[in-house]
Each structure stands twice: as structure tokens, then as C-alpha cells.
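Below is one structure; the comments refer to it alone.
The residues of the chain are indexed from 1 along the displayed sequence.
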Amino acid sequence: MASSSSYKLRCSIPGHEMDVRGLASAVFPEGAFVSVSRDRTGRVWVPNSSPDNGFTEMHSISGHTNFVSCVCVIAPSETYPRGLIASGGNDNNICVFTLDQAQPVFTLTGHKNTVCTLSSGKFGTLLSGSWDTTAKVWLNEKCMMTLQGHTAAVWAVVILPEQGLMLSGSADKTIKLWKAGRCEKTYTGHEDCVRGLAVISDTEFFSCSNDASIRRWLVTGECVQVYYSHTNYIYSISVFPNCQDFVTTGEDRTVRIWRQGECSQTIRLPAQSVWCCCILPNGDIAIGASDGIIRVFTEVVDRIASAEDLQAFEDELSKTIIDPKTGDLGDIKIEDLSGREHLEEPGNRDGQTRLIKEGDKVEAYQWSVSDARWMKIGDVVGGSNATSKSVMYEGKEYDFVFTIDVNEGGPSMKLPYNVAEDPWLTAHNFLQKNDLSPSFLDQVANFIIENTKGQVVVPNPPAGGDPFTGGARYIPGASDERSAFGADPFTGSGRYIPGSGPSPIASSGVADPFTGGSAYSSAALRQASTNIYFPKTDGVTFEQANSAQIIAKIKELNGSAPQEYKLSQEALESLVRLLGSISEPNSSEAPPTIQEINLLWKASHWPEDIVFPVLDIMRLAVRHPMVNETLCGEAEGVQLCNHLLSLMSPEGRPANQMLALRTLCNCFMGRQGRALLLAQRETVLSRAADLAGICNKNIHIALATLVLNYASCLHSQPDLEAKAQCLSVASRALETVQDKEAVFRLLVALGTIVSSDQSARELARSLGVNSQISKYSSVSDPSKVAECCKLVLKEMQ
């Protein structure tokens, strides 16, 4: 068949109702491919024999309960001679289908967040990557191993031809090489989230990134070439069969064809996000985009669309609205533009963009080398000379339409904004519309403010301001060093921060390395001249509190609580008495009554958005011997444990997660609490470990303290299985935790576990703990981190 010099449209397939997020070439039938979409479906497309050279939907698959994010095809086997289709979704699952059944033949569960990338290998091996920061290896419907090491979402995975080698790319800007489940190498160079990986050969691979670059790597670690042409995020990359040329897609609305290391062709689409690409066996390219349409491009003349269809595609493209703020036009400035006569000059390269003035409008044109002409690609709005609202979105005009990435670089979403609007209210409405956590309010509002500097006409709220009342905002667990910031918006007094309180002052002598307070008196003092850190045999607790502010917050929230949860005035007074009797566990105050303890338990089931001050009382209460005995007893203890674990869900609220962890830590103060947590160890530590990936230092410190308290209880016990879990959780946490206090407590936990236990030391060495913690031996501030690290390394020699 004759070949044109460039790719042209073959057909457009309006097959999905929402964004097309994944494409994969199918093994059967010949020439077929699979698409998946945010509309929760997958579809198998086969070429038809009609004159339009199009595709027909052969099969539709469904099984996910949320958006479908990615797809791959598993090679044929004796059991499945036509191969299998695997899809990953925002429901955290991987569904595996045959080509003749609409429902999955089996579902793989284990990821804790969205499965956003899949790759298949030999013998039915499947590799998945997730926003939960891990990759998982699957075989025979079972998870064989979990690859842990990234500190943010794993957006790309691929299995290399050499058996046992796997690659993962992450929002932490790194790529990791894995062999037999262990990270052998980390590749650094990208300046933003790594979004795509593609194999070139046994020894080379490509990566693409939100930093708008493509990199070519040797497996040995060297980056041998960097390619630039895109002007925004690059989402996907596929390699042609010659193992040299490739195709990329991105947020700049383009598909780019690369030959001999150069961008030889740029195809612009009438859609903002060009999510995915797939090279078919005949060399055609299938493209999925945010408008729900799959477009197939070909360089074979006989398969090119009719002149009418080509013109219709060009007309659609010409009507596109382009906002220079999105980066679609690169670094082109729109001031001092020429008129239409500028189009009489030929372009210098394919895809070159030129802006012209046409009356009161600005139009964008792109040079087509194959057609030797300028093609209109849209009307430009929102330029620096614009004085009126100019960006169209969903039929309305806005000053700005931002592209927002949430949840470790999650799916891009559009946020329209006018400068006359309140940025905080706009952020609040955006989060509600997209069913996102209110915890992103600060992040989104500050993004708006930062990107509209000089143009926001509504006064910004003060630091920490409540976007709805103008008052100062409550930040659970915040560590606030700003002056005059802690004012309560309702009383004007100091703001309530769970677990906050005056910092203890170090006394002379050997300061407690956890609090800086009075002389440190653990069993480790027998080695005080060399090791004051471990083994630590007593628990570490969270003591600080401001009782008045806790009660004020409960009364405030009680006023707006749903009717079935409202507390009477008498009940509120009971909570005040309870808090007074437990603030100092060994004080002369009358002990809490059973009625008060039961009231606390009832109040701890308030809705999750208002329960945090009650949890703060719970945290303090479980230190009291009577409360510890009542709530942590055999029957009641399991209920308490389950309730706290439910609040520690990775999708939960950070304040609740932190306070639930702190409550568990404080339970170790009583005999019943220790017994309960040792009995529930496996479940508690597994759930706690899931919180290591959340970027919150207060959660990390609480998690590290929980691991340390378990280590303290297990130090003198010969329970290697329990110590193994502690080592595993500590090792996993050290991969993501940055806060030095949390790192220190994890180091003390490691030291306590391996101290005087040869089997535990050998287990720690086999997990690679030595190499994992060695970097902390040079930390200068605080010095206790390096001191403790060196002692742990010495212990494991």
C-alpha cells in the first residue's frame, strides 16, 4: 500500500460518554484494540470493511464501580487462547475479562487506592501501579509481591523483556528498577511526575513526564537523551516496531510523532487532554482524549479518511477555543501580532504555531509540512490585552480555566474562575462538584490566589481564615509558629489545635529524647554513656492538651450537629467533668463515672466531619486507669479498636486519622490497653501502615510512636512474627516519612526490636534495613537522629 509522508485521520469513533483513559492493542481479532473510559466501561473495537475504514464495537465490558483508568492485554495461554483484558480503576480493583464475557472472570483486590497503570509480561504475569504508592506483581489470580519504595502515586509500570526486571514511574519524579521484588536502581532526572514508560529493548527504555520532557535511558542508569517539543504535561508514550521511533500525547492537545530523535509531526486535536495512545499492528495510531472520542490516524493512503471527513475534522479543530494560560501555545507571545498576510510565509517545521490578528480576534494556525499550508487550530482568548471575560467553559465565559491535579497528580479537572469571585468559595464549590475531600480546600484556594496574583479583586482572607465566616480557621494538629494566628474565630481566644500545648522545657542532665523534658529514665540508662535511646521498654504517649479550647470546640460543633447527635446541656457538663478528672490521670480529682465514660463512647460516634474534639478527649481519657480498663476490656476493647481503625481509613480525614493513632498510642499506658493492642496487633499495624503514604507529619509522628510502643512491648518477648511485622511497617514508613522526629522514633523502634535478639537482627538485615537507614547517620539537626542511627547500625553488625 502507498504511504503518505505523514499521519492523517483514518476515522473518529464516538464510543464513550466520558474521557478515554486507556488503549491497548488486542491479540484477537486481528487489528482490534481495547479502550477504557471514565464512563466505567471498556470496549473492544474491530476494523470493519466499510468504505470509511472505521471500527465496529465488538464487545463491551463492565465491572468497575468507578472510573476505569488503564488497560492492558494479557497474552494467550492454554486456558485463555484468545488472551485476557485487564483493566484498573478508581475503585482500587483490577478486573480481568475474556473477549466474550461482559463481566470479569476474576477481580484482583489489594491496592488501597486507584489502579492507574498496568503492564503484562511472560507466563501471565501482571504488573500494576496505584495511587497508594505501590506496584504489585500478580500471577494466577494472586498477588505475589508488593513493590514498595516510591513516596507518591505510581503512574507508570512496564515489564522489561529480561525475565524478572520491572520498571515503575512515580509522582515522586523517580523511576525505579525492580528485580525479584527488590529495588535495584532509582533513576532521577525528571522534574515532575513521571506519567509514562515504554520499552525500547532489553537495555533501553523511554519515560515521559509532567515536566514536558521525554527521556531515553539505559537500564544501567544513564539518561542518554532528552527530547523536548510538548508545551504541557505528557501523558503517554508508545514505541513503533522499529524500536526507535515513538509517539507521545499530552495536555497541550497534541499527538506528536518522533522519528530519528526529532518531532517530525504534530497533530492537534479538538480536546484539551490527549490521555493515551496505542500503536496498532499495521502501524496506525489510536488516540484517546478527554472528549470521549477515539481517533485513529494512518499514513497509508488507502486508509485515510474521505475528503469530507478530513474537512469536518479540520473545521472542528478550527472552532477550538485556546487559552494561552494553559501552555498550549508554548512561549509564543500574543502582543504585536501581524495580520493574515503573515500566513503567506511558509512555516519552518511541522507543528509550528503562528498567531495572527483577524479584526478583533486572535487566531492560531499550525504549519502542516505534508500539506504545505497553515491550518487553523482555534481562536485564542484570554491574552494579555484582553479586558473582558474570554475563556469559554461549559457554555460560560470565565477569566481563567485552570487544570487542577489532585491526589498525587490524580485525574486533571477543570476549575473555571472569575476574578470577582471569592477564591475560597470557588475552591469549596469545585471540591463539592468533583466529590473531592474538603482537605484539599487550602491547596486549591491557594493555587487560585497564586495564579491570579494582581487580578483577585476580593480581599484575601487572613492566614488560616475561614472562607465562610472570615474568622480564623481550625487546623487539626497544626504546628503553628506564626504569631497572632491561633485566635478562635468565635471567642477570639487561642485557637483549638488537637494535641497542642506548651512545649516542655528540657531540664539539665540527660534530657528525654522524645519530649526534651525531665531526665530520661528508661531501661536504656544502664548504657547512658553510649546509648540513651534503646531498648525503650516504656511507652511514649501524647499528653498535651488545652481543655478549655477542646470543650469550646465541642460546644460549637454540637450547636450545628445533626439532631440525632446533639448533646444536652447536662451531657456537655458531664463531658466537662470527665475532662477535668482525666487531664491528670493521677490527680486527686474524683474518678470518671461509668455514665461519663459511656457518654464519651457515644459522642465518639459523631459524624466524621465534627468528631475530632471528642477524639481528643478520648485520647486523653484512655490514659486514666479506670477508662483504660472500661474501654479496653475484652468485649469493649474490640469495639474500641474497630471504631478507631474505621477512622484511620486512608480515605478518611487527616485529623481523625492522627487522633485515632494517638489514642491507640495512649492505650499502651494501661494493662488492658496493652493486652488489647497486642491481641489486635496484625490488624492495627496493617491499617496504620496504610497511612505512611499520607503527606502529614503529625500522622507520621503518631504512626512512628505506635510502632515504637509495639516494639517496647515486644522487646522482651520471643515473638519473631510480631517483630517481623514491626520491622516491615517501620521499613515501609521510612520510605515515605520525612519528618525528623518521626524518623527518630522509627529508629528507636528498630533499635528496640533488634536489641538482644539475633533472629530479629538477621531479619532486619535481610530486609535491607541497614542500607535504608544509613543516610540518617549524617543528619546534623537534630543530632539525636544521627546518634540513634549509628547505634542501630552498630547493633545490626
Side-chain angles (χ1 to χ4, degrees), residues 1-16 20 35 45 47-57 247 249 252-257 263-275 277 280 282-323 328-329 339-347 349-359 361-381 392 395:
M1 292 184 181
S3 174
S4 67
S5 58
S6 61
Y7 277 84
K8 295 182 181 297
L9 182 71
R10 171 178 170 178
C11 64
S12 296
I13 309 170
H16 287 282
V20 178
S35 62
W45 305 94
N48 58 41
S49 55
S50 64
D52 64 3
N53 291 303
F55 286 77
T56 301
E57 181 184 324
V247 58
T249 70
D252 57 5
R253 306 173 187 256
T254 68
V255 182
R256 297 182 191 246
I257 314 296
C263 180
S264 64
Q265 184 182 1
T266 300
I267 303 171
R268 196 171 290 261
L269 299 187
Q272 178 62 61
S273 305
V274 188
W275 290 118
C277 59
L280 303 178
N282 62 4
D284 289 359
I285 305 169
I287 304 296
S290 56
D291 59 2
I293 296 175
I294 304 163
R295 295 176 176 89
V296 182
F297 295 87
T298 184
E299 58 180 352
V300 176
V301 174
D302 292 349
R303 292 200 294 267
I304 293 175
S306 67
E308 293 81 2
D309 287 345
L310 289 174
Q311 187 61 49
F313 174 67
E314 189 172 330
D315 290 345
E316 185 182 10
L317 187 62
S318 71
K319 297 174 183 176
T320 303
I321 301 299
I322 302 175
D323 176 12
D328 295 346
L329 300 176
R340 185 167 290 279
E341 69 277 1
H342 198 41
L343 300 179
E344 296 174 4
E345 304 171 13
R349 55 180 172 79
D350 191 84
Q352 180 184 352
T353 305
R354 184 164 288 178
L355 305 182
I356 67 159
K357 288 179 181 177
E358 181 69 11
K361 297 191 303 181
V362 175
E363 298 178 344
Y365 287 79
Q366 178 176 295
W367 179 252
S368 170
V369 170
S370 59
D371 295 338
R373 67 185 178 95
W374 291 98
M375 293 174 54
K376 184 179 178 184
I377 59 172
D379 294 314
V380 180
V381 297
M392 292 293 294

Can V300 and N282 be said to form a side-chain contact (heavy atoms from CB on, under 4.5 Å), step by step? CA-CA 9 Å; V300 176; N282 62 4; over 6 Å; no

Mind checking the [atom1]-[atom2] spacing from [X] to [Y]? Nearest 0.5 Å is all I need.
X	Y	atom1	atom2	result
M375	Y365	CE	OH	11.0 Å
N48	N53	CG	CG	8.0 Å
D309	S12	CG	OG	7.5 Å
L343	W367	CG	CH2	10.0 Å
E316	Q311	CD	CD	12.5 Å
L9	L317	CG	CG	11.0 Å

Flag the pair [X] / [Y] as yes when at least one side-chain heavy-atom distance between them is below 4.5 Å, and no otherwise.
X	Y	value
H16	I294	yes
W45	E57	yes
R10	P47	yes

Chi angles and distances behind the side-chain contact (heavy atoms from CB on, under 4.5 Å) call for V20, I293: CA-CA 7 Å; V20 178; I293 296 175; over 6 Å; no

Can you find a side-chain donor-acceptor pair between Q272 and R253 that sits under 3.5 Å? yes

Mind running side-chain contact (heavy atoms from CB on, under 4.5 Å) on C11 and V296 for me, showing each step along the way? CA-CA 5 Å; C11 64; V296 182; 4.0 Å; yes

Dump the intermediate steps for side-chain contact (heavy atoms from CB on, under 4.5 Å) on V255 and V247, then the final yes or no. CA-CA 7 Å; V255 182; V247 58; 3.5 Å; yes

Quick one: does S290's side chain have a donor or acceptor within less than 3.5 Å of a partner on A271's backbone? no

Give a yes or no on whether the backbone of V274 and the side-chain of T249 come within a donor-acceptor separation of less than 3.5 Å. yes

Could you tell me which non-hydrogen atom of G54 sits nearest to which non-hydrogen atom of S50, and how far apart they are? N-OG, 4.1 Å

